[in-house]
Amino acid sequence: MYLYNEFDQTLVNERVEQFRDQTKRFLNGDLTEEQFRPLRLMNGLYIQTHAPMLRINIPYGLLSSKQLRMLAHVSHKYDKDYGHFTTRQNIQFNWPELKRVPDILADLASVQMHSIQSSGNCIRNTTADPLAGVCADEIEDPRPYCEIIRQWSTLHPEFSYLPRKFKIAVSGSPKDRAATQVHDIGLHLKKDADGNIGFEVLVGGGLGRTPVIGQTINNFIAEKDLLSYLEAILRVYNRFGRRDNKYKARIKILVRETGLDTFKEQVEAEWASIRDSQLTLTDDNIQRVKRYFTPLNYETANDEVLEQHLANSGAFCQWFQQNTKAHKQSGYRIAFVSLKSPKRPPGDVTKQQMELIADLADQYSFGQIRTTHDQNLALTDVKSSNLYALWQQLAEHDLATANIGTITDMICCPGLDFCSLANASSIDIAQGITDRFTDSAIDAGNISLKMSGCMNGCGHHSIGEIGILGVDKKGEQWYQLTLGGSDSHQSKLGDRLGKAIAKDGVVDAIDDIVQVYKANKIDDENFASTLQRIGLQPFKDKVYDAH
C-alpha cells in the first residue's frame with residue numbers, strides 16, 4: 001500500500017489550510033456563492049437536498065484499517081454515524097456542517113486521506129479492479145500504475161478546470177472488473193509479443209444521459225509512455241471540448257462529433273511533441289512505486305478446517321459459495337463484505353460496522369480493505385481456515401448477507417432522498433426489491449440490477465442486466481426499464497423494455513422479469529445468455545400484460 005512521503009503530506013496539509021481559509025471567507029461574506037462553488041467542488045463538497053455532502057477519495061479502492069477507523073470517527077463526530085460507499089470506490093458523508101468540513105479534512109490528512117478532486121471539472125479518483133494483486137488471471141497488478149496516475153493528476157495545473165469531469169479506470173486482467181469501457185479513459189494492461197508490459201487505451205466511454213461504450217484509440221503503448229499519452233489525450237480534450245453546454249462537454253461527445261480517427265490524429269500529433277519529455281517513466285520511476293505493492297507475507301495453509309465447517313454449517317456454506325472467490329495464493333480466499341443488508345440502503349455502513357471491519361482486517365487480512373464498484377467491501381487476503389470465524393463475526397453485525405452478485409446486491413444511487421438532481425426516489429424501490437427477493441435471491445441466479453434516480457446515471461443503470469431509471473412525469477415518479485446491459489470486458493448498453501412503469505408497479509415488474517428468466521433458462525445459463533437466446537419480447541409480454 002502506498003504511503004505518503006514528506007512532499008505528499010505537506011501538499012495535503014497545505015490544501016486543508018487553504019480550504020479552511022476559503023470556507024472562513026465564504027462564511028464571513030467575503031466570497032460569493034459563485035466564487036466559493038468551484039473551490040468547494042475541488043475539495044469534494046456538494047450542496048445536496050438537505051445538507052452538504054462530502055466525498056472522500058479512496059485511491060483505486062484501497063484502504064488501511066487505520067483509515068477505515070478514521071472514516072468511522074468522521075461519521076460519528078461530524079455526521080450521523082454512517083457513510084455511503086459509491087460505485088467509484090469512494091465514500092460519501094451526507095450530513096456534515098459546512099463550517100466543520102475543514103476539520104474533517106484535517107482529521108483525514110492525519111491518516112493520508114483527502115477529498116482533493118473528488119468533484120469538479122478535473123481528473124477524478126483513478127479506479128481499478130478491486131481484486132488487483134490477488135486474482136489468478138492478472139497480467140500485472142494495476143495498482144502501481146494507478147498510483148503513478150494519481151501523483152501525476154493531483155492538482156495538475158493544466159487540467160484543474162477541464163470542460164467537464166474526467167474519469168480514468170485501469171484493469172490488469174482479461175476479465176474487466178473495473179468497468180473501463182464506460183470511463184473517459186480506460187486502460188487495459190497487456191503484454192506485447194516480447195513480454196513487455198504496456199496498455200491498450202480506450203477513450204470516450206461514459207454513462208449519464210448519453211451513455212457510450214469507449215473505443216480503442218491505441219492497441220498498445222509502452223509503460224514508459226503512459227503519462228505522456230494520457231497528457232496528450234487530456235490536452236486535446238481541454239483544447240477542443242465544449243464549454244458552452246455542460247451536457248455536451250464530456251470527452252465522449254467530442255470523440256463522437258470529431259470521429260475516432262480524427263481524434264486519434266490530434267492526440268498522436270500532440271503526443272509526438274511531448275513523448276520524450278520529463279513525462280517519460282523510467283524503470284526507476286516505476287520500480288519506486290511498485291515497491292509499495294510487493295506480495296504480502298502469505299503463509300502455507302490447507303483447507304481441512306474449512307472443509308469441516310462447510311460440511312457442518314449450511315448458512316456458512318451458502319455464504320462461502322456466494323461471498324468468497326478464489327485467491328491466487330493457495331490456502332487463501334477473497335471474502336466480500338456485503339453492504340446490501342435488507343436493513344440498510346445499498347452501500348451504507350455504520351460507524352460500528354466500519355470499526356468492526358477494520359478490526360477484522362487487522363485480524364484476518366493484513367490490515368487492508370478494498371472498496372468495490374458494486375458498493376461492497378472486500379477482505380482480499382483471508383486464510384481459508386479463518387473464513388468460518390470471520391463469517392461468524394460478520395453475521396453478528398449484519399455484514400454477512402449471502403447475496404454477492406444476486407439481484408439484491410444491486411447498485412443504487414441515493415435518489416430523491418438526498419440528491420438535488422434526482423427526478424425519482426431509488427432507496428425505497430431498492431428496499432421493495434430486497435424485501436421481495438430476500439429469501440429467493442440465490443435461487444433467482446446471479447443477475448446484476450442497477451438503478452439511478454435520474455439521467456445522470458450514478459447508479460449505472462445503462463449497463464445493468466436489469467436497469468432501472470427514475471424519471472419525472474408531470475410531478476409523478478415513473479421508471480424506465482432496460483435489459484441486457486453489461487460492464488464486463490464486452491460492455492453493452494441495455495435495451496429499453498418498453499414504456500415507463502408507475503412507481504407502485506416496479507417491484508412486480510422486476511419479479512415478472514425474473515420469472516420469465518427462470519422459466520426459460522437452460523441448465524446453468526445466465527441472464528445475458530437467456531436474453532440473447534429468447535429476445536426481449538417474452539419479458540415485454542409478461543411485464544406489460546400484467547401492468
Student: Without hydrogens or angle criteria, can the side chains of Asp487 and Ser491 be said to hold a donor-acceptor pair below 3.5 Å?
Tutor: no
Student: Do Arg150 and Glu147 pass the salt bridge (charged side-chain N to carboxylate O under 4.0 Å, His left out) test, and can you show the C-alpha distance, the side-chain angles, and the key distance before you say yes or no?
Tutor: CA-CA 5 Å; Arg150 186 193 70 82; Glu147 177 58 32; 2.7 Å; yes
Student: Could you walk me through whether Asp129 and Arg177 pass the salt bridge (charged side-chain N to carboxylate O under 4.0 Å, His left out) test, one step at a time?
Tutor: CA-CA 5 Å; Asp129 183 348; Arg177 289 178 289 263; 2.9 Å; yes
Student: With salt bridge (charged side-chain N to carboxylate O under 4.0 Å, His left out) as the criterion, how do Asp508 and Arg436 come out once you've worked through the C-alpha distance, each side chain's angles and the decisive distance to 0.1 Å?
Tutor: CA-CA 9 Å; Asp508 287 338; Arg436 179 69 61 90; 2.8 Å; yes
Student: Which is it for Thr408 and Leu449 under the side chain to side chain contact (heavy atoms under 4.5 Å, CB included) test, yes or no, and what are the steps along the way?
Tutor: CA-CA 8 Å; Thr408 61; Leu449 189 152; over 6 Å; no
Student: Considering all heavy atoms of both residues, which atom of Gln181 and which atom of Asp176 are nearest to each other, and what is their separation?
Tutor: N-OD2, 4.0 Å
Student: May I ask you to check whether Arg124 and His183 show a side-chain donor-acceptor distance below 3.5 Å?
Tutor: no
Student: In the structure I gave you, are the side-chain heavy atoms of Arg100 and Lys77 within less than 4.5 Å of one another anywhere?
Tutor: yes
Student: Assess the side chains of Gln9 and Asn13: does a donor N or O sit below 3.5 Å from an acceptor N or O?
Tutor: yes
Student: Quick one: does Gln368's side chain get under 4.5 Å of Thr380's, heavy atoms only?
Tutor: no
Student: Does any donor atom in the side chain of Asp81 or Ser75 lie under 3.5 Å from an acceptor atom in the other side chain?
Tutor: no
Student: Taking side chain as C-beta onward, heavy atoms only, is Gln92 less than 4.5 Å from Phe418?
Tutor: no
Student: With side chain to side chain contact (heavy atoms under 4.5 Å, CB included) as the criterion, how do Ser385 and Asp303 come out once you've worked through the C-alpha distance, each side chain's angles and the decisive distance to 0.1 Å?
Tutor: CA-CA 6 Å; Ser385 57; Asp303 292 339; over 6 Å; no
Student: Using a 6.0 Å cut-off, check whether atom CD of Glu33 has over 12 heavy atoms from anything other than its own residue.
Tutor: yes
Student: Can you list every salt bridge (charged side-chain N to carboxylate O under 4.0 Å, His left out) pair that touches residues 419-435, not counting sequence neighbours?
Tutor: Asp428-Lys503
Student: Taking all atoms of both residues into account, what is the closest heavy-atom pair of Cys413 and Ser426, and its distance?
Tutor: O-CB, 3.3 Å
Student: Distance-only check: which donor-acceptor pairs under 3.5 Å involve side-chain atoms of residues 437-445, not counting sequence neighbours?
Tutor:
{"from": "Thr438", "atom 1": "OG1", "to": "Thr434", "atom 2": "O", "distance (Å)": "2.5"}
{"from": "Asp443", "atom 1": "OD2", "to": "Lys518", "atom 2": "NZ", "distance (Å)": "2.8"}

Student: Begin from the C-alpha positions of Gln329 and Asp381 and carry the test side chain to side chain contact (heavy atoms under 4.5 Å, CB included) through to its verdict.
Tutor: CA-CA 9 Å; Gln329 179 69 31; Asp381 300 283; over 6 Å; no
Student: Hey, does Leu45 have a side-chain heavy atom less than 4.5 Å from the side chain of Phe19?
Tutor: yes
Student: May I ask you to check whether Asn94 and Asp79 show a side-chain donor-acceptor distance below 3.5 Å?
Tutor: no
Student: What orientation do Trp152 and His156 show, parallel under 30°, tilted 30 to 60°, or perpendicular over 60°?
Tutor: perpendicular
Student: Considering only NZ, NE, NH1 and NH2 on the basic side and carboxylate oxygens on the acidic side, decide whether Arg250 and Asp184 come within less than 4.0 Å.
Tutor: yes
Student: Please check if any side-chain donor atom of Ser425 sits under 3.5 Å from a side-chain acceptor atom of Gln477, or the reverse.
Tutor: yes
Student: Is the ring centre of Phe366 less than 6.0 Å from the ring centre of Tyr298?
Tutor: yes
Student: Looking only at the side chains, is there a donor atom on one of Ser384 and Arg333 sitting less than 3.5 Å from an acceptor on the other?
Tutor: no
Student: CG/Asn125 to OG/Ser118 distance, rounded to the nearest 0.5 angstrom?
Tutor: 8.5 Å
Student: Are Asp374 and Lys340 ion-paired here, with the side-chain N under 4.0 Å from a carboxylate O?
Tutor: no
Student: Only one of Thr401, Thr406, Asn403 clears side chain to side chain donor-acceptor pair (under 3.5 Å) with Ser338; which?
Tutor: Asn403
Student: Taking Leu339's backbone N and O only, do any of them form a donor-acceptor pair with Asn376's side chain (distance below 3.5 Å, no angle check)?
Tutor: yes
Student: With no hydrogens and no angle check, just 3.5 Å: does a side-chain donor-acceptor pair link Gln375 and Asp348?
Tutor: no
Student: Answer yes or no: is there a side-chain heavy-atom contact under 4.5 Å between Arg344 and Thr350?
Tutor: yes
Student: With a 4.5 Å heavy-atom cut-off, do Met113 and Leu63 have their side chains touching?
Tutor: yes
Student: Report yes if the side chains of Asn90 and Thr371 come closer than 4.5 Å at any heavy-atom pair, otherwise no.
Tutor: no
Student: What is the ring orientation for Tyr78 with His73, classed by angle as parallel under 30°, tilted 30 to 60°, or perpendicular over 60°?
Tutor: perpendicular
Student: Kindly check if the number of other-residue, nucleotide or ligand heavy atoms within 6.0 Å of NZ (Lys290) is above 12?
Tutor: yes
Student: How about Leu390 and Tyr364: do any of their side-chain heavy atoms sit closer than 4.5 Å?
Tutor: yes
Student: Taking atom types as modelled, find out whether Gln151 and Tyr2 have a side-chain donor-acceptor pair closer than 3.5 angstrom.
Tutor: yes
Student: Show your reasoning for whether salt bridge (charged side-chain N to carboxylate O under 4.0 Å, His left out) applies to Arg69 and Glu355.
Tutor: CA-CA 6 Å; Arg69 288 190 187 93; Glu355 290 174 337; over 6 Å; no
Student: Check the orientation of His50 and Trp95. Use parallel for under 30°, tilted for 30 to 60°, and perpendicular for over 60°.
Tutor: parallel
Student: I would like to know whether Gln117 and Ile123 meet side chain to side chain contact (heavy atoms under 4.5 Å, CB included); could you show each step before the answer?
Tutor: CA-CA 7 Å; Gln117 294 178 207; Ile123 302 172; 4.3 Å; yes
Student: How long is the span from the CD1 atom in Ile185 to the CD1 atom in Ile149, to the nearest 0.5 Å?
Tutor: 8.5 Å
Student: Would you please say whether a donor-acceptor pair under 3.5 Å links the side chains of Asp362 and Ser65?
Tutor: yes
